[in-house]
Amino acid sequence: MMRKKRKRGPIACPCSSPGSRAPTPPTEPWRRPAWTGMGRAAPSCAAAAAARAEPDRHWLRRGWRSPPLVALLLLLGLGGLPAGYCQQPAQCRIQKCTTDFVSLTSHLNSAIDGFDSEFCKALRAYAGCTQRTSKACRGNLVYHSAVLGINDLMSQRNCSKDGPTSSTNPEVTHDPCNYHSHSEAREHQGGDQSPPTYLFCGLFGDPHLRTFNDHFQTCKVEGAWPLIDNNYLSVQVTNVPVVPGSSATATNKVTIIFKSHHECTDQKVYQAVTDDLPAAFIDGTTSGGDGDVKSLHIVEKASGLHVEMHARYIGTTVYVRQLGRYLTLAIRMPKSLAMAYEESQDLQLCVNGCPLSERIDDGQGQVSAIMGHTIPRTASAQAWPDYTLETATTRCHEKMPVKDIYFHSCVFDLLTTGDANFTAAAQSALEDVEALHPRKERWHIFPNSRAGELLGSRGLAVTLRLTCSMILVVFL
């Protein structure tokens with residue numbers, strides 16, 4: 001007995017209202033009436049897919065290789081239905097990817113040790129996020145612009161496409177020997193919500209001191225003096241007279257002690273003297289800590305002339321240079337660590353400046369030579385080129401066009417010693433500020449109004465024009 005096959009009608013749209021017997025032909029999108037108010041909730045796309053399953057199996061039993069044209073149109077049309085009909089597929093998440101990248105890099109500073117590594121990690125995480133949302137973002141101009149931008153940044157920073165990536169959850173990437181890592185972990189756990197504050201201290205010339213508070217002083221401080229002495233780091237300098245008969249001194253010895261810190265590093269001591277600027281600690285090693293990524297290491301930038309020490313575990317960087325016969329020093333350190341010391345350790349030039357009895361300026365960084373006073377000389381003083389204020393100003397202006405306190409320190413050093421190497425020392429000191437100081441608007445310190453009177457109205461006008469030009473360049 002043959003069973004009569006039931007004739008199937010056109011397949012109903014899975015998103016049409018209940019009770020529809022035969023669907024009306026799909027209207028063009030531009031003719032579909034707009035949504036006018038609240039109504040019955042539309043069935044989900046998952047339910048729509050389930051409703052299509054039974055007809056599909058029927059077609060397969062009959063040996064059809066493809067569903068009827070109407071079904072194909074319905075399948076293709078589901079993606080074009082308005083939100084009121086069906087739930088949308090996965091949305092483009094390029095905005096989330098960009099937000100995560102900004103949160104991973106907003107605290108980074110190009111001057112901070114390990115910046116390139118952390119920035120490349122964040123770029124790889126950004127690239128991975130865009131790849132995961134690429135299907136949903138097809139045709140999205142913001143998405144394609146982001147992809148091009150990522151590729152450009154990876155090329156500029158020499159980032160490899162393969163490697164570790166940053167995580168939006170700092171707890172996952174917590175490294176106890178990476179100061180930046182555990183400071184982010186504290187923020188994630190509800191602690192300090194602001195990125196860590198960094199301080200800068202520098203010493204150069206005969207000698208000029210820039211404290212953690214950006215106070216600028218010119219001091220005698222002959223002999224051994226502590227620049228820094230806290231629970232994590234000790235830095236001591238030894239200064240000797242530059243010219244007999246002058247109160248000016250300069251640094252010929254630097255001793256740096258990186259104190260032992262949990263499992264990150266044992267105590268390491270570095271020492272440099274004139275004509276001996278080693279690229280190793282006194283025990284012969286060049287790093288501290290275990291693992292492939294050292295928590296403390298020395299980098300030689302120029303043999304016998306420039307070394308850098310990077311202490312990841314305390315977020316600290318130290319530059320030591322030799323220029324002529326004397327040494328210069330520049331340090332960047334997190335404020336929370338720089339201020340971690342006992343009352344007995346209060347004699348720190350980087351923290352409190354030079355004692356009043358040791359200063360040879362007016363207390364504002366404006367040295368007596370620049371104020372028009374003569375430099376004391378004696379008959380036993382060594383011969384040096386006969387610099388005048390005018391010739392010294394010209395020489396220093398060739399190297400430092402902005403007449404800030406570094407320029408004036410250069411003038412003072414030339415008048416005091418006649419040693420042209422101090423010009424290079426002032427120039428290098430400013431370069432170290434630009435590399436390590438966290439706040440660009442504080443790189444240049446300008447003399448007080450008394451210096452403006454010395455320069456005259458013309459010199460002051462030039463200085464102001466240069467300052468304004470720099471501000472315009474920054475903001476444009």
Side-chain angles (χ1 to χ4, degrees), residues 107-122 157-160 163-164 166 173-184 196 198-202 227-228 230-237 253-273 276-322 327-334 336-338 340 350 428 431-432 434-438:
H107 68 284
L108 296 180
N109 186 323
S110 59
I112 295 176
D113 178 37
F115 168 81
D116 289 335
S117 174
E118 294 300 321
F119 193 79
C120 287
K121 287 181 182 179
R157 296 286 175 180
N158 293 323
C159 301
S160 62
S166 298
T173 58
H174 173 59
D175 180 358
C177 293
N178 185 334
Y179 178 80
H180 309 302
S181 174
H182 54 72
S183 65
E184 292 168 8
Y198 289 86
L199 303 177
F200 174 87
C201 180
L227 284 184
I228 296 176
N230 55 51
N231 298 338
Y232 304 90
L233 179 72
S234 291
V235 179
Q236 179 176 281
V237 295
K253 182 178 180 180
V254 173
T255 302
I256 303 171
I257 302 175
F258 294 91
K259 301 179 181 180
S260 60
H261 187 75
H262 306 305
E263 69 273 21
C264 299
T265 183
D266 296 329
Q267 178 170 290
K268 294 289 181 179
V269 180
Y270 177 86
Q271 191 170 87
V273 295
D276 184 14
L277 195 68
F281 298 107
I282 60 173
D283 62 2
T285 62
T286 59
S287 62
D290 300 325
D292 295 333
V293 181
K294 301 299 183 181
S295 58
L296 171 64
H297 67 283
I298 295 179
V299 178
E300 186 177 52
K301 291 296 185 177
S303 180
L305 297 176
H306 182 193
V307 298
E308 297 179 2
M309 280 154 274
H310 301 272
R312 293 174 60 249
Y313 67 101
I314 53 174
T316 298
T317 302
V318 182
Y319 289 179
V320 182
R321 300 176 185 261
Q322 177 171 333
L327 307 177
T328 70
L329 194 69
I331 303 163
R332 184 190 60 243
M333 190 172 193
S336 60
L337 305 187
C350 283
S428 297
E431 291 174 356
D432 291 344
E434 295 173 352
L436 297 179
H437 198 293

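For the single chain, residues carry numbers from 1 onward in sequence order. All values derive from a computational prediction rather than experimental measurement.
- Residues passing the side chain to side chain contact (heavy atoms under 4.5 Å, CB included) test with Ala340, sequence neighbours excluded: Asn231, Tyr232.
- Other residues, nucleotides and ligands contribute only 12 or fewer heavy atoms inside 6.0 Å of the CG atom of Asp266.
- For the pair Leu233/Ile257, no side-chain contact is recorded, criterion being any heavy-atom separation below 4.5 Å from C-beta on.
- Annotation for Lys259: atom NZ counts as buried by contact number, over 12 foreign heavy atoms lying within 6.0 Å.
- Qualifying side chain to side chain contact (heavy atoms under 4.5 Å, CB included) partners for Cys264, counting only residues two or more places apart in sequence or in other chains: Cys177, His261, Ser295, Tyr313.
- Among residues two or more places apart in sequence or in another chain, the salt bridge (Lys or Arg N to Asp or Glu O under 4.0 Å) test is passed with Lys121 by Glu118.
- In this structure, Tyr319 OH and Ser428 OG are separated by 12.0 Å, a value rounded to the nearest 0.5 Å.
- Ring geometry for Phe281 versus Tyr270: interplanar angle over 60°, hence perpendicular rather than tilted (30 to 60°).
- Summarising the geometry, atom OG belonging to Ser234 is positioned 9.0 Å from atom CD1 belonging to Ile228; distances are rounded to the nearest 0.5 Å.
- Expressed to the nearest 0.5 Å, how far CD of Glu431 lies from CG of Leu436 amounts to 11.5 Å.
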| Evaluation steps, side chain to side chain contact (heavy atoms under 4.5 Å, CB included), between Leu329 and Val237 | CA-CA 9 Å; Leu329 194 69; Val237 295; 4.2 Å; yes
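- Judged by distance alone, with hydrogens and angles left aside, the side-chain atoms of Lys301 form no donor-acceptor pair with the main-chain N or O of Arg321 at under 3.5 Å.
- Pro278 and Val307 get closest at one heavy-atom pair: O-CG1, 3.6 Å.
- Relative to the six-membered ring of Tyr179, Arg312 misses at least one condition, a distance below 6.0 Å or an angle of at most 45° to the axis.
- If you take CD1 on Ile282 and NZ on Lys268, they are separated by 9.5 Å, rounding to the nearest 0.5 Å.
- Distance check, rounded to the nearest 0.5 Å: CG of Asp116 to CG of Asn158 gives 8.5 Å.
- Leu277 has its side chain within reach of Val320: a pair of non-hydrogen atoms, C-beta onward, lies under 4.5 Å apart.
- Evaluated for a side-chain contact (heavy atoms from CB on, under 4.5 Å) with Met333, the options Val235, Leu199, Asn230, Val318 yield exactly one hit, Asn230.
- For Thr316 (side chain) and Ile314 (main-chain N/O), a donor-acceptor pair under 3.5 Å exists by modelled atom type.
- Of all non-hydrogen atoms in Thr286 and Ala280, the two that sit nearest each other are CG2-CB, 4.1 Å.
- A distance of 8.0 Å separates CD in Glu308 from CG in Asp432, rounded to the nearest 0.5 Å.
- Side-chain atoms of Gln236 and Leu227, non-hydrogen and from C-beta on, never get closer than 4.5 Å to each other.
- Gln271 and Thr255 form a side-chain donor-acceptor contact under 3.5 Å, judged by distance and modelled atom types alone.
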| request: Applying side chain to side chain contact (heavy atoms under 4.5 Å, CB included), run through Arg157 and Phe119 and close with a yes or a no. | output: CA-CA 8 Å; Arg157 296 286 175 180; Phe119 193 79; 3.9 Å; yes
